[in-house]
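Residue numbering restarts at 1 for every chain, and letters A, B, ... go by the order of the sequence lines.
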Amino acid sequence: MVAPALEVRDLVKHYPFRRGLFGRGGQGAVHAVDGVSFAVPRGETLALVGESGCGKSTIAKLILRLIEPTAGTVLLDGQDLAGMQGETLRQARQRIQMVFQDPFASLNPRLSAADIVGEPLVNYDHGTAMARSAKVDALFDRVGLAHHQRDRYPHQFSGGQRQRLGIARALALNPSVVVADEPVSALDVSVQAQILNLLADLQRDLGLSYLFISHDLGVVEYVSTTVAVMYLGAIVEVAPRQRFFSAAAHPYSRALLDAVPSPDPARRKRRSLLQGEVPSASALPSGCRFRTRCPKATDLCAEVAPAAREIVPQHFVACHHIETA
Amino acid sequence: MVGYVARRILATIPVLGLVAVFVFFLLQLTPGDPAVVIAGDYATTQQVEAIRQQLGLNRPMLEQLFSWFGRLAQGDLGTSIFSRLPVTSLIAQRIEPTLVLTLYTVVLSIAFALPLGVLAAYRAGSWIDRAVMGFAVLGFSTPVFVIGFLLVYVFALGLEWFPTQGYVPLAQGLFDSLRSLTLPAITLALLYAALLARVTRASMLEVLAEDYVRTAHAKGLAPQPVLVGHALKNAAVPIVTVVGVGIAALLGGVVVTETVFNIPGLGRLTADAIMRRDYPVVQGLILLFAAVYVVVNLLVDLSYMLFDPRIRL
Amino acid sequence: QSNVLRIRPFGDLKGIDPVTNSDYMARNHGYMIYDTLFAMDDKLQIKPQMLEKYDTSADGLTWTFTLRDGLVFHDKQPVTSADVVASLKRWGQRDGLGQQLFANTASLEAVDAKTTKLVLKQKWGLVLDALGKPSSGVPFIMPERIAKLPATESLTDPVGSGPFIMKKDEWVPGSKVVYVKNPDYKPRSDAPSGMAGAKQANVDRVEWLYMPDAQTALNALQAGEIDIFEEVPPDMLTLLSKNRKVKVAPQDSLGVQVVFRMNSIQPPFNNPKIREAIRYMVDQNVFMRAYVDIPALYKDCPSFYMCSSPYYTDAGWVKQDLAKARQLVKESGYDGTPVVVLHGTEAGITNTFSSVAEQLMRDIGLKVDPQAMDWGTLTARRTSKKPTSEGGWSLFISAPTGADMMDPLGHLGLRSNCDSSWFGWPCDEQIEKMRSEFAVTPDLAKRQDIAKALQLRANEVVPYVPLGQLHLVRGVSTSLTDIPRAAIPVYWNIKKAN
Amino acid sequence: MSPPVNSAPILSVENLSVSLSLPHGTMQVLRNLSFTVNHGETLALVGESGCGKSITALALLRLLPRRIGRIAAGRILFDGTDLATLDEPAMRQIRGNRIAMIFQEPMTSLNPVLTIGRQIGEVLRLHQGLTRHEADEKTIRLLERVRIPDARRRLGQYPHQLSGGMRQRVMIAMALACSPQLLIADEPTTALDVTIQAQILALLDEIRAETGTAVIMITHDLGVVAEVADRVVVLYAGRAAEQATAAELFANPRHPYTRGLMESVPHMALHRSGQPVARLQEIKGTVPSPFDMPPGCAFAPRCSLADDACAAVPALQDSGGGHAVACWHAAEPLLLKVGA
Amino acid sequence: MALSDQTVELSPGWLALALRRGAAFAGFLRRHPTILFGLVVVLVAISVALLAPYLLPNPKAINPIYRLRPPGEEFWFGTDHLGRSILSRSLNGTRVSLAVGILVATVVTFAGVTIGLISGFLRKLDSIVMRVMDGIMAIPGVLLAIALMSLFGSSLQNVVIAISIPEIPRMARLVRSAVLSIREQPYIDAAITNGTKLPRLLERHVLPNTMAPVLVQATYVFASAMILEAVLSFLGAGTPPEVASWGNMMAEGRQYLQRAPWMAAFPGILLAVLVLTVNVVGDALRDAIDPRLAGRQK
Ligand SMILES: Nc1ncnc2c1ncn2[C@@H]1O[C@H](COP(=O)(O)OP(=O)(O)OP(=O)(O)O)[C@@H](O)[C@H]1O
Ligand SMILES: Nc1ncnc2c1ncn2[C@@H]1O[C@H](COP(=O)(O)OP(=O)(O)OP(=O)(O)O)[C@@H](O)[C@H]1O
Ligand SMILES: [Mg+2]
Ligand SMILES: [Mg+2]
């Protein structure tokens, strides 16, 4: 097996906070990411799914070292990003880039479109001004923007176009891995498809590997090769797409799938609703973190946190009760 | 909560300490020599030297700083170079007029600015709004003393409603006392009220655009309960913040107003002390003002709890 | 309802010790609470005040002073000769004339409770002038226990035997001084005249309400909130003349002399040629008219002495001649060292006169560097003897009271005893010799000769240049009567109609 | 599954036009919108961001942005009264009482500085004249009704102490307080996670079935529409593009825009084609800005069927069975171009 | 296509940029006539200030013969107690006020931005720097300014420093809070991901985005500095008295309010008009930049 493009091992991020008078209540921590491991194979897309606040964006930031991990390693082509500092890190970042969720906030409003896309090239001294300008034009072509829009500012673009700019910027350095954090959730429904198609085209043409973060199972079903489901800072299930959508094993994954509205008014489901809501990441339940909402929870779940098991090849689940699932 | 208050109070100490050090070095940097000032016009060099010795002015600067801090810690602010009275008693003598004047001003300002600001926000864009904002800009653009003189001409010399100057102590009756401070308070309030009205308006504008205000309307509430019951409390935090921050501007304005209206308060004491190089008095007063500012802002911070349950201490 | 006299004094009482504080407010405060052995009447004669009588021995060396009966301090203790001795000794350490007196004194002793004896080493003509000195450095009599304080330390207990008692607990420095009538005061029986004669507190209470801003004070006077407004800026007078409830009157009988005081020990004014040029530069009228437009209030007085002084002379005085002044500057070898003017910014005499002076100096080819400062800074800065480049100065303008500019001996501006003279430190042996001679010359005509000679000498060395003589004016409520006409503004004898 | 539908409309909107006067000029955000809501039925208003869904809801309650928004034309007949011309005090009697509303953002629609009890109780005291105590008791019952555990304790809590789903339940409780005849829910689940969204949708449906309250459900999510709606109005750029029963619309979308939406949303596309799609259909271009609306059919610039006919605005034409479409080419088969 | 690209590439970038910026600015002014009007007033004031010395008699020339003349043919604005022309002095005062205003605004902006940036980005220094700022803020600005003035003597330079120091903390806090919120913006994350080094990050991504509130605040500082100059002069701690500043003129004129009201009135009116204009420009600018901020605290 080829080494994965990106691999994350036992990644942990805790945000400590003080409790009580003068912090005498001791140190508490928000367990934003709590021992996450996964791998993104070359040229493929790993989709990371989960509810709001489960730690998806934190993982993205950890991978790009925008925040310091509490523990764990991030291997990019076998090199550990998590241990790098300063210039080494900066050089390594050329190979991994990011597409952000908010197409409004992720573009500096004071820079023109060409400046935004050309910025990474300047930072790494790629070629002459002339060469860079040509490269920017090429990138514009690549993401479907017109050359005459080079000198416009972000506010003069629509949401979809802005996201194209963000993608062009991420591509400027020819990265091998792109982390896309909910790249279409802020877009109009009618524009989503354009961006999803663009991402698919780029992957095909450039051999990119994607870590695709989303909370929309519909989108995930379309883009992913592999699906990883996160709950409260931990991954509860990983499976190839086909397998996941046909035979998800973890009760939480099943609930997620079940909650997706049926696209056909003629076939409305009677569904088994999950009770309650996601507990706070600063006060995790003992044992299995899903047990407070799990229809199958038993005493065992309160005591022992289930480890991930490979129930069929490539399908990992962390649950005590898969047999009954 | 108690812990929070305690922490906040402790946190004011470094700020005051910084002010103290700042004031100390500021005065150390001055070209004049207090000993010469104390010695007077006919003093000989020996006499000056004796005074220097007596005041410890010839000791190393750090040592002076520490001994000054030592005395500060005991509540000793030193003695006025000129009147030979303890700074604390000078302050005690002068505190009443300033206190009454500032409180009067704050009350007056809030009484005017709050309704005006709310109204301006509610009727944003209307002539009322324009008038309130125009008044506010005018308040910012006119020097305090100009307003003071105008008021004296119209209301004291012309209509003879109020005295032209001076302060009637509270002991001689609240009414007379307030009457003597009415013009100064209006003078000061104009600036302060302008500040408050603007912030009230801005803060209300922001709040009125919030979803929950729309919710309140959708419940069928009339405008007034929406404004007062739902919006104002949400708008309160920036407003009280400005009440607190504005205290510094207010105390600054007090210096000028007390001069124009000849009110024997702390403001004039400060201005005089600065002009005369009465260093112990200057140091004591600046520390006092800083402490007032810090304490007021501490109270303001604590008052956030009253307005916003999200602020947990 | 008590009878209260409310006064806006010209300045603020900064300290209550009239011996250690040389300023005029401390002096005026002194006259409120203390009494003096002698006082000057309206003919400028020195008359006994606390004294029943005094005698001089035939050789003029032994003086005997006898106190009046019934004099008591505010603390009810009788005034004794021991108090007199202690008070004079303390005063003698600080006051210039006092120092000269004690330099000539062999002994000063209490003979009995009422009698004090002064024995001189040699004949000295100015004993009465010294003890009856009306202005700064007044020999006030205070209790011995207080007067024993070293002259370098300021007293804190305002006990005297004068017609008023200070309420120290009501003193708000910078704002308010309160005096009440001294019920035990025994006035003399002779009619009041100048500072002399009977003193009587006719009001229950006197309040000095200091208002730094003249406009505020003017408003207060117009609104009847104060009874007396000292040193009304002359330009406000026309307004007051329209008010029927207010009258204006000279503040004292002598007025002030405005002085152009040069620093004689630093360039450029250490050059006598340049100082001489200033003489030709000055036209008192130009200065005066920039400040006052009521001719009655100022006087072009071509003399170092006040025009009302018996020593007045215009000997050697020159007329303004800018061309000549310019030429003198050129001849002086002036190297362009700027004239650093300590320019007092408080509105008033100093400010206006400085402005005019700066313009004229520029006209005659001097470089001028006006440095603006408040009076407090000015008084501190003028003590510096350093070169102008190191924080020193060249010129300030001041307006001492006429009483300090009357005769060669007490003259503030003519004293030329180098380091001991007034700021500017003129140094001239001849002048000093003439002043000593003057001190021991009893005969008026001879003294006048000496004064004239001194003026001629001063014209050569130019310790300072007088810019004219002004009357300070006070605005007074018409409800007040019996206001003393004296060399110093004093507040006894005034009656206030209710 | 469908509740008993009383065929008389409770609300009938006729030719509603709304304009906003902005610094740069006046903007027509709603044009000629007509629809009806029957007793006990759920009408879905669906459309993309900015198409005028929220403005419609606000116009119904006459809560358009003060000084800016104006009902330019049309009538809003609610139970026989025209709300468009009703005076303000009478309107206040209706708001929160006979027509209630749930807003998009549960996080910001509750007043952060007032307790839950106060916010719900206020409606009861205002419209039903209850005392404080009575209001509290009724509030507790309402909270229990929307399945908020530990209801009594919640009375004294503040919104920030509740999760998003809870807050939306509180909003629903508040809306239900006076048993309104019409409930307007403006994207009530958009801000919520799928699992919570499912809970809330189920709750709303349950309440409707129980009380017979008519619901206008505003959403941009065709999935939600399919889930809950009886009838659907598809909005595009301030106009109705298509109107039909939910079953009819999903079975037989006629407007190119509706069809495009169904093809471009991955989940829908997948479902409709019945197999994994290799590539999504795209609707080219973007939603036009209200300031430069195309002169004719607003969808024309993005439409693969557009031709000269589209230079004129198509009217909403009933093509039978309550299915109405505003398109010159509604009858033609759709030839969506692959790729933009 | 290629050809046109060439021409774009060859035309000097800065010229095109300047033209574009200029056109954008002109458009901005057309949309905000208040700002245009305000700028015109300020520009007129500046030209008057620059031209006055060549057109009018020396504002310092003393001429006691003509003292206290009311406004009339010979002296349009009258004369003061030293016979100086109020017109000359008033127009000269424009110079002083503008100089003080502009210099203070510049000093405060420069210092505030530097401190705010450091504090917002170097978190280790933040708490120390901010405590110092708190300390300065705790002293009433007027008092601090008087103290500085009386300690260091009156000169234009000291006036600028004395007025600037109390204003700096506010600007620094403003910049700091802007920086803190900009730091959280995804475009900063994006810039870091794109390998931007810290200096460039600050210069290109952080600083320009703090400029809008800074600009607005700078206009307020400009306005309040002119007032403070007048207040200091009123208290006798302002510009040297021989300088014909509006503050000095009003300070001198206040003794003559009844006798010669023109002495204080003309500088007073000019000051009010200029300050008002600058404040109104500030308000308009703020509204133009972010309408939601309308009326934010100064
Ligand atoms: N700087 C921080 N300090 C403390 N807690 C944080 C911080 N940043 C994130 N968290 C917490 O970490 C958890 C995970 O946050 P994260 O943003 O990664 O979630 P997410 O899965 O991306 O959610 P969403 O779908 O809403 O974007 C949340 O509980 C969040 O409150
Ligand atoms: N207060 C307002 N000021 C200016 N324009 C407004 C205002 N409210 C709405 N609009 C404009 O009116 C149009 C319709 O807005 P509306 O809020 O109804 O959209 P929507 O369909 O609810 O969109 P979303 O799905 O984003 O909520 C939009 O173009 C919007 O920009
Ligand atoms: Mg996220
Ligand atoms: Mg909406």
Point to revise | Single hit among B:Thr98, B:Asn262, B:Thr259 for side-chain hydrogen bond (donor to acceptor under 3.5 Å, both in side chains) with B:Arg268 | key: B:Asn262
Heavy-atom distance under 4.5 Å to chain C: side chain of [X], backbone, both or neither?
{"X": "B:Gln93", "answer": "side chain"}
{"X": "B:Leu85", "answer": "side chain"}
{"X": "B:Val152", "answer": "side chain"}

Review point. With respect to chain B, which residue among C:Ser384, C:Pro173, C:Ser175 yields the maximal number of heavy-atom pairs within a distance under 4.5 Å?
Key: C:Pro173
Practice item. With salt bridge (charged side-chain N to carboxylate O under 4.0 Å, His left out) as the test, would you mind laying out the steps for B:Glu258 and B:Arg94 before giving the verdict? Key: CA-CA 11 Å; B:Glu258 288 187 351; B:Arg94 301 279 201 134; 5.8 Å; no
Practice item. Please work out whether the ring planes of C:Tyr464 and C:His411 are parallel, tilted or perpendicular, with thresholds of 30° and 60°. Key: tilted
Practice item. Give the ring-plane orientation class for C:Phe423 versus C:Phe396, where under 30° counts as parallel, over 60° as perpendicular and anything between as tilted. Key: perpendicular
